[in-house]
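To start, the structure itself, in C-alpha cells.
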Amino acid sequence: MKIHLLFILTALLYWPISAQDTDKNWIETKATITEIHNNIKARGTRSFATVSYLDENGKQQKSRVELLAIPFIGTLKSVNDSVTIYYDKANPALAKSPETSFLQSYGLYLLIGAGILFSLYNFRKKTGGSTD
C-alpha cells in the first residue's frame, strides 16, 4: 500500500496541469524579472512577473508571465531573478511560464487535508470511536 501511495505522489509531482503543449512555435529562453505583481485573495493567490528577455533575433522583448505562488504569501521570486519562459516564435512579445505540476499547485492544500484526516483519526481513536 505504501509503495502504491509513493508511486501516485511521485506521478502527481511531475504530472503537468496544463494541457497546452509547448510545440515547435515556442522557444525556451531565460528572462529577467523586472516587476512582480502578487494578487492575494481569500480564494487564491496568483503571482505575475513582468519579464525582459532577448528573442532569437537579439531584440529586447518584454512580457508578463505567471509565477508559482504560495497561498497567502505570493511568489518567492524577486526582481532581477532569472526565470525560464517560452515565447512564441511568430510573436515574440507573447510569453508563457512552463507548465506547473499538480503537486506544486495544490500541494499545500493536500497537506492540510492530510493533517485534518490524521487529526480526526487520532481524535476518534482517543475518544473510543470506531476507526473502521
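What you see is a predicted model; the values in this text were computed from it and never measured.
Using a 4.5 Å cut-off on side-chain heavy atoms (C-beta onward), Ser63 and Tyr53 make contact. Side chains of Leu54 and Thr29 form no contact here, defined as non-hydrogen atoms less than 4.5 Å apart. Residues Leu94 and Trp26 form a side-chain contact, since some pair of their non-hydrogen atoms from C-beta on lies under 4.5 Å apart. The shortest distance between side-chain heavy atoms of Thr127 and Phe123 falls below 4.5 Å.
A distance-only check finds a donor-acceptor pair linking the side chain of Thr34 to the backbone of Thr50 [under 3.5 Å]. Looking at Tyr87, its side chain does come within 3.5 Å of a backbone N or O of Glu56 through a donor-acceptor pair. Side-chain atoms of Asn57 never come within 3.5 Å of backbone atoms of Lys59 as a donor-acceptor pair (strictly under, hydrogens ignored). Checking side-chain atoms of Ser52 against main-chain N and O of Thr32 turns up no donor-acceptor pair under 3.5 Å.
Across all non-hydrogen atoms, the minimal contact from Val79 to Glu35 is CG2-CA, 4.4 Å.
A distance of 9.5 Å separates CD1 in Ile36 from CG in Leu76, rounded to the nearest 0.5 Å. A distance of 9.5 Å separates CG of Asp81 from CG of Leu67, quoted to the nearest 0.5 Å. Atom NZ of residue Lys125 and atom CG of residue Leu120 lie 14.0 Å apart, to the nearest 0.5 angstrom. A distance of 12.5 Å separates CG of Leu68 from CZ of Arg46, quoted to the nearest 0.5 Å. Residue Lys96 holds its NZ atom at 9.0 Å from CG of Asp88, rounded to the nearest 0.5 Å. Rounding to the nearest 0.5 angstrom, the gap separating the CD1 atom in Ile33 from the NZ atom in Lys77 is 6.0 Å.
A side-chain donor from one of Lys30 and Thr84 sits under 3.5 Å from a side-chain acceptor of the other.
Under the 4.5 Å side-chain heavy-atom criterion for grouping Ile, Leu, Val, Met, Phe, Trp and Tyr, Phe48 is not connected to Ile85 through any hydrophobic cluster.
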